[in-house]
Structures are given as structure tokens and as C-alpha cells.
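Values below: every heavy atom of this structure, side chains too, minus hydrogens, waters and symmetry copies.
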Amino acid sequence: MDGAEVSATAGADETRTGAETGGNGMGEPLAIAIDGPAASGKSTVARAVAAALDLLYLDTGAMYRAVTWLALQKGVDPADEAAVTRLAEGAAFDFPGRGEAAYVNLPIVIDGLDATAGTREPAVDAAVSAVSSYQGVRAALVRRQQAIARARGVVMVGRDIGTVVLPGARLKIYLVASVDERARRRYAERVARGEAADYEEIRAAMERRDGLDSARAHSPLRPASDAVHLDTTGLSSDAVVERILAMARSRRV
Ligand code: DC
């Protein structure tokens, strides 16, 4: 995939419901939804699937992280639901150079500010579950995500893509992996970036965040009824990508 530029700002047709989107209708671009808990391997796998099928890769977690980062930058308390919601509703997103797979974190720009590095800061990690639990924040970001999927074919990654954002997606994958394996992956990512990392701390934070993401009232983490479950524990990402591409082929994606 080339480094196509994509931007998502409020648009006149954003009032359409999720049921009207997702790439299943006549003339709708193709959509593949990949959901699962933190560090289940979604991003790596989705990037490779998108590259193989020449689709856009969109990590919706990065959008929730960017809103959280912007709030912290602007001195908005992440616990202030009304203020964070206003921020999310007014934010403009840009994804310059989304196709360059060499990036660990793909570039994300919010309100003209580059949030790419900031999205992985520990302060963002700590506050993003709260921010992503706000219904108004979710509504604002889901509208942007649906607008992107209407514009072009996409592999979209998150927690609610198959259930809420793109319920009509042609292929829905729900990736899982044991918490130990996921913590090991997140630890290795941090070490590879040259950051300080403590395995036990990462594992505990991950369990806490899984709990919050699954228990929240709005769009909790859960598989769509028509999602294919794939346990990636002990599988290489290449093997997972191959399985997904085989499913895509068998569904003529
Ligand atoms: O995938 P991630 O760890 O970057 O996600 C960051 C947070 O955002 C995480 O707490 C779950 C939440 N999230 C969400 O609620 N819905 C999505 N579609 C994607 C992420």
C-alpha cells in the first residue's frame, strides 16, 4: 500500500447509522474488522493484511489515545467527561503516510499536532480507558471511523469494530491470546523502542485495562456474533496473517 493521506473531519453525511456501513452493501468499499484485547497482535497482523490486500489500515485505538493525549496537552482533566467529549467532538484527525509499515506506531495528527509518539506515553495508557468509556467520545470517533470506511476499503482494528463501527464488514476477526503472552509482547515492544519496561507492571496494567474495557457500559469489548475467533497464543504473526488471508480468499475478499 502506498502512503495515502487520509483525513477525517466532521462531514454532512455522518448521521448515517452503523447498519448502513461496513462494506457489505452495493458499491460500499470492502471492510475487514479486527477486534480483540490489548496486545492480542491486532496491529501487526492488520497492517500485513491491509498491505497484502491493498486496503487502508486504521488503528482506532490510536484515535482514543490521541484524544487522551490532546486532553493532557491542553490541561483538560481526563476525568472531566463533558470537557473531554467537547474536545473529541471538535478534533480533526489526519493520518499522514498511513501505508508505511516500517513504523511501530503509524503517524496520527490531531488538531494539527503530531500525537504519534505521545499516544504510547504511560500517562496516556493510564487515562485512555476512562476516555474511551465516554459515550460522547465514542460517538464522535465512531462517526469519523465510519466516514473513512465509506471512502475506501479498510482493515479497521479496535474493540467494537465488528459490533458497532462496521457491523456489515465482510470479514470479522476476533483475536485472543493469553494475558502472559500479551504482556510479553507489550514488554518486547517497549524494549525494542528503547523504553524502560517492567514485565509485572505491564501485565498488571494490561489485566486492569482488559477489565475496564470489558466491563464498561458503552460498547464493551466483546466479539460480534458472526466474528471468527482466532487464538494467537504460540502463533507467529505471519501464521495469523496467512490464516486471515485464507479466510479472506474463501470469502472472495
Ligand atoms: O488498542 P489500544 O490499546 O491502543 O486501545 C487504547 C484504548 O482505547 C483501550 O483502552 C481500548 C480503547 N479502544 C476502544 O474502546 N475502542 C476501540 N475501537 C479501540 C480502542
Side-chain angles (χ1 to χ4, degrees), residues 1-8 16-64 93 95 97-101 103 105-106 108 138 141-177 185 213 219 221-232 235-253:
M1 195 167 64
D2 62 11
E5 301 236 344
V6 176
S7 66
R16 291 169 58 175
T17 65
E20 297 170 79
T21 65
N24 242 4
M26 295 293 287
E28 291 271 350
L30 174 67
I32 297 180
I34 302 186
D35 292 298
S40 52
K42 303 185 297 288
S43 309
T44 311
V45 162
R47 265 203 300 264
V49 170
L53 299 175
D54 194 25
L55 298 170
L56 177 76
Y57 159 73
L58 184 73
D59 174 10
T60 60
M63 296 173 75
Y64 290 94
F93 289 90
F95 305 98
R98 291 226 53 114
E100 294 163 49
Y103 286 96
N105 298 326
L106 292 175
I108 180 162
R138 302 202 68 83
L141 297 198
V142 167
R143 275 199 302 276
R144 267 49 167 260
Q145 293 154 10
Q146 292 174 337
I148 290 170
R150 279 198 296 278
R152 63 163 295 180
V154 66
V155 178
M156 201 178 288
V157 178
R159 303 292 192 287
D160 60 341
I161 309 306
T163 51
V164 175
V165 182
L166 305 174
R170 184 91 53 89
L171 176 61
K172 299 179 184 178
I173 306 286
Y174 192 76
L175 287 185
V176 291
R185 288 177 190 165
D213 293 344
S219 306
L221 171 65
R222 65 178 173 82
S225 58
D226 53 349
V228 178
H229 291 239
L230 204 50
D231 188 339
T232 69
L235 286 182
S236 69
S237 58
D238 284 352
V240 178
V241 170
E242 261 322 303
R243 287 194 193 185
I244 295 175
L245 289 176
M247 282 185 249
R249 277 192 295 271
S250 76
R251 289 168 194 226
R252 296 173 192 276
V253 164

Practice item. Output all residues satisfying side-chain hydrogen bond (donor to acceptor under 3.5 Å, both in side chains) with T163, sequence neighbours left out; order by chain, then residue number. Key: none

Exercise: identify the closest heavy-atom pair between [X] and [Y]:
X	Y	result
V164	S219	CG2-OG, 3.7 Å
A149	P29	O-CG, 3.5 Å
L235	A239	CD2-CB, 4.4 Å
D59	S43	OD2-OG, 4.3 Å
I108	A62	CD1-O, 3.5 Å
I161	A33	CG2-CB, 3.5 Å

Do [X] and [Y] make a side-chain contact, defined as non-hydrogen atoms from C-beta onward lying under 4.5 Å apart?
X	Y	answer
L171	I244	yes
F95	I148	yes
L55	I32	yes
V228	Y174	no

Check your understanding: Quick one: salt bridge (charged side-chain N to carboxylate O under 4.0 Å, His left out) partners of D226, sequence neighbours excluded?
Key -> K172

Kindly compute the distance separating [atom1] ([X]) from [atom2] ([Y]), expressed to the nearest 0.5 Å.
X	Y	atom1	atom2	value
R251	L30	CZ	CG	11.5 Å
L58	R152	CG	CZ	10.5 Å
I34	L166	CD1	CG	11.5 Å

Any donor-acceptor N/O pair, [X] side chain to [Y] backbone, under 3.5 Å:
X	Y	result
S40	P37	yes
Q146	V165	yes
K42	M156	no

Review point. Checking side-chain contact (heavy atoms from CB on, under 4.5 Å) for the pair M247/I173: CA distance, chi angles, key distance, verdict?
Key: CA-CA 10 Å; M247 282 185 249; I173 306 286; 3.8 Å; yes

Review point. Between S237 and R185, do the side chains contain an N or O donor and an N or O acceptor separated by less than 3.5 Å?
Key: no

Exercise for review: Go through the steps to decide whether L141 and T60 satisfy the test side-chain contact (heavy atoms from CB on, under 4.5 Å), and finish with yes or no.
Suggested key: CA-CA 8 Å; L141 297 198; T60 60; over 6 Å; no

Exercise for review: Can you tell me which residue pairs pass the salt bridge (Lys or Arg N to Asp or Glu O under 4.0 Å) test with a partner in residues 155-164, sequence neighbours excluded?
Suggested key: R138-D160, R159-D213

